Chemist: 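Pasting a structure below so you can have a look.
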Amino acid sequence: MLDEYCFQFLSRLARCVSTNRKRSSSNPIAVSCAEILEVRVVPSAVQVTPLSGLVTTEAGGAVQFEVVLTSQPKGKVKIPIASSNPKEGVVSTKQLIFTSANWAAPQSFTVKGVDDLVTDGDNAYDVVLGKFKSRDKVYKALTPITQAITNTDDDIPGVKITAGNNLTTTEAGGAANFSVKLGSQPTSNVVIPFQSSNTAEGTVTSSITFTPKNWNQSQTVKITGVNDSTIDGNQGYQVIFGTTQSLDQNYAGLTADPISLTNLDDDTAGVVVSPSSISAVNEGSSKNFAFRLTAQPAADVTVTLTVIDGLDQATLSNTTLTFTPVNWKTSQNVAVSGLLGDGIDGNQLFRFDIDTVSDDSLFNLLPTQTVAVTIRDSEAPAPTLDGNYSGIYSGSISTFGFSQSVSGNIEASVVGNTFTMTQPISLTKTLPGDGTVNIFLPISAAAFSGVTFTGDTVENPDGSVTVSGSWSITKLGVHGGGTWSITRAPLA
Ligand SMILES: [Ca+2]
Ligand SMILES: [Ca+2]
Ligand SMILES: [Ca+2]
Ligand SMILES: [Ca+2]
């Protein structure tokens, strides 16, 4: 079956032979054969071949094309190349030029996908070759070639959460953080709501908002541990995300995965005794210990005090204390009273154990604590406290919110029961008979106006005497306090 070119070839050959019969040239057919052969080759065309699928990507994926002419042109053929949408794809060259010499050698160009930050879906566009420029009328007349291409989107709408593994908060107020940003640029504000699954363990703000400008800047969200007084162990909880709200439909109704956290418990079962020891109780007088629990029990806790040393030296005002889930943190006092009438026996040791019983297993049979008290013999001649004392005080004073550390030297002397301080202020006071120092300084001198020094006098084994305790200051707008200690060297 003849194709059209064969048909034309045969037709022209017939016409040529017929025409040349009428000519008397010596070589009648030569020119016409060239004409005939020109018809025989493939007609003039620009052949465009993609070397891969007709897909570019926002990630930079490209398509390469090869271009070649199907016949030798009469002069140059200039082929303009353009993208119909440079926001989706761009061409590597704006023009290819073929000549009558290189027309048969393929030339290539590429079309590369263009990135944006918006979730705009896969978009179609064209690469257009033409309109051709040439002195060759056949090439010049060719219709521009349009090649359809798809640029695939790489912007996935989403809420991107960055959170460490094993996030912990603490009942002591320790916080944890996570950060949030969006996966692509929204066209409108995006509100991301969230909440704690258990506000008794951790709290968090209720939402954050991203705008089309700050969408890719991470926002940090803080989760703060919540304290309680129960021994509830470390508790797991979550930050739960609600659905996002936005006028950008890509960002309406998204939900991020919850973030898991653990709030670390800081409560332990125990009995607090304050003070933890008392250096001396005089025979014939008493001092208090205050008791309370360290945490809220689930059932009543019975605290039993058992004297283990010095049963004939002192008494306890109460040996059974009951703490309930309600009153567990209210102190209950027990007085230690030194007993007179045992003659001159010197200072004696008095000790008692603290034990617990409770239906709350955490508070039942807690490890025994032992408290020691020295019962000072009042029937022996009182040791002389006379002499010169020196030592230091330290602490802090706050005035209308401004806190300042203070410290300095103390110089004092005792003669009989007269206590005379010369540093940091000058005063003279009469000591009470039980060895305590309880001095209120009603002076108006600078920072020491209205200071109370309280302390115990102890005769040390080496014969030195130490007076140590606390000082405090309380007056309008001024609060403070600290410790103090002065010592007299052993007497010769
Ligand atoms: Ca993109
Ligand atoms: Ca995009
Ligand atoms: Ca706690
Ligand atoms: Ca707790």
Side-chain angles (χ1 to χ4, degrees), residues 54-63 83-90 111-125 149-160 167-176 181-188 190 196-203 210-218 223-238 246-252 254 261-272 292-299 301 323-329 358 360-364 366:
L54 293 169
V55 174
T56 59
T57 70
E58 286 194 9
V63 186
S83 166
S84 67
N85 186 350
K87 289 183 176 175
E88 295 294 346
V90 289
V111 183
K112 187 177 173 187
V114 173
D115 190 29
D116 61 32
L117 303 173
V118 185
T119 305
D120 55 348
D122 299 344
N123 284 312
Y125 65 104
I149 299 177
T150 300
N151 190 36
T152 56
D153 194 16
D154 68 354
D155 299 296
I156 302 167
V159 178
K160 291 186 169 180
L167 285 186
T168 56
T169 56
T170 72
E171 287 194 7
K181 62 179 180 178
L182 301 184
S184 65
Q185 185 176 33
T187 57
S188 181
V190 179
S196 169
S197 67
N198 187 347
T199 53
E201 297 296 343
T203 56
F210 285 97
T211 69
K213 282 188 176 175
N214 74 0
W215 66 276
N216 58 353
Q217 292 163 22
S218 285
I223 314 147
T224 305
V226 173
N227 188 32
D228 60 32
S229 298
T230 57
I231 305 164
D232 54 349
N234 300 337
Q235 295 286 323
Y237 66 106
Q238 292 184 317
S246 179
L247 295 178
D248 180 341
Q249 287 310 300
N250 285 319
Y251 276 97
L254 300 180
L261 300 101
T262 303
N263 193 35
L264 302 181
D265 193 18
D266 68 353
D267 298 299
T268 55
V271 178
V272 178
R292 65 174 177 81
L293 303 185
T294 54
Q296 185 178 32
V301 178
F323 290 95
T324 71
V326 175
N327 76 358
W328 63 274
K329 61 181 170 184
S358 177
D360 180 342
S361 61
L362 293 172
F363 280 90
N364 191 38
L366 286 172

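Order of appearance sets the numbers: ligands from 1, and atoms from 1 within every ligand. What you see is a predicted model; the values in this text were computed from it and never measured.
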Chemist: May I ask you to check whether Asp265 brings an N, O or S atom to under 3.0 Å from the Ca ion (ligand 4)?
Modeler: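 It does: Asp265 brings an N, O or S atom closer than 3.0 Å to the Ca ion (ligand 4).
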Chemist: With a 3.5 Å cut-off and no angle check, do the side chains of Asp155 and Thr119 form a donor-acceptor pair?
Modeler: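 No pair is found: no donor N or O on one side chain lies under 3.5 Å from an acceptor on the other.
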Chemist: Rounded to 10°, how big is the angle at the Ca ion (ligand 4) from Thr230 O to Asp228 OD1?
Modeler: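 The angle at the Ca ion (ligand 4) comes to 90°, rounded to the nearest 10°.
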Chemist: Can you establish whether the number of heavy atoms outside Leu247 located under 6.0 Å from its atom CG is more than 12?
Modeler: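 Atom CG in Leu247 is not packed in, count stays at 12 or less.
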Chemist: Suppose we only count N/O/S atoms under 3.0 Å; would Asp115 qualify as near the Ca ion (ligand 2)?
Modeler: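 Short answer: no, not a single N, O or S atom is under the cut-off.
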Chemist: Can you name the N/O/S atom of Asp153 that is nearest the Ca ion (ligand 2)?
Modeler: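 Looking at Asp153, the N, O or S atom with the least distance to the Ca ion (ligand 2) is OD1.
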Chemist: For the Ca ion (ligand 4), find the closest N/O/S atom belonging to Asp267 and write down its atom name.
Modeler: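 It is OD2 of Asp267.
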Chemist: Taking atom types as modelled, find out whether Tyr237 and Thr199 have a side-chain donor-acceptor pair closer than 3.5 angstrom.
Modeler: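 The answer is no; no qualifying pair exists.
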Chemist: Hey, does Gln185 have a side-chain heavy atom less than 4.5 Å from the side chain of Asn216?
Modeler: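 Not in contact.
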Chemist: Measuring from the Ca ion (ligand 1), name the closest N, O or S atom belonging to Asp154.
Modeler: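 Going by distance to the Ca ion (ligand 1), the closest N, O or S atom in Asp154 is OD1.
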Chemist: What do the steps show when you test Asp248 against Thr187 for side-chain hydrogen bond (donor to acceptor under 3.5 Å, both in side chains), and what is the final call?
Modeler: CA-CA 6 Å; Asp248 180 341; Thr187 57; 3.2 Å; yes
Chemist: By atom name, which N, O or S atom of Asp116 is the nearest to the Ca ion (ligand 1)?
Modeler: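 Output for this pair reads O.
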Chemist: In Glu58, what N, O or S atom is nearest to the Ca ion (ligand 1), if we give its atom name?
Modeler: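 Per the distance ranking, Glu58 contributes OE1 as its closest N/O/S atom to the Ca ion (ligand 1).
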Chemist: Please report the shortest heavy-atom distance between Glu201 and Gln235, naming the atom on each side.
Modeler: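 What the structure gives for the nearest pair is OE2-CG, 3.2 Å.
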Chemist: What angle, in degrees and rounded to 10°, do you get at the Ca ion (ligand 4) when you join it to OD1 of Asp232 and to OE1 of Glu171?
Modeler: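 That angle works out to 130° after rounding to 10°.
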Chemist: Does any non-hydrogen side-chain atom of Val159 lie less than 4.5 Å from one of Phe210?
Modeler: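 No, side chains not in contact.
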Chemist: Cut-off 3.5 Å, side chains only: do Thr152 and Asp122 have a donor facing an acceptor?
Modeler: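 Short answer, no.
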Chemist: Looking at the Ca ion (ligand 2), is one of the N, O or S atoms of Val118 less than 3.0 Å from it?
Modeler: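 It does: Val118 brings an N, O or S atom closer than 3.0 Å to the Ca ion (ligand 2).
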Chemist: Check whether any N, O or S atom of Ser229, backbone or side chain, sits closer than 3.0 Å to the Ca ion (ligand 4).
Modeler: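 Not a single backbone or side-chain N, O or S atom of Ser229 is under 3.0 Å from the Ca ion (ligand 4).
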Chemist: Rounded to the nearest 10°, what angle sits at the Ca ion (ligand 2) between OD2 of Asp155 and OD1 of Asp120?
Modeler: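 Rounding to the nearest 10 degrees gives 160°.
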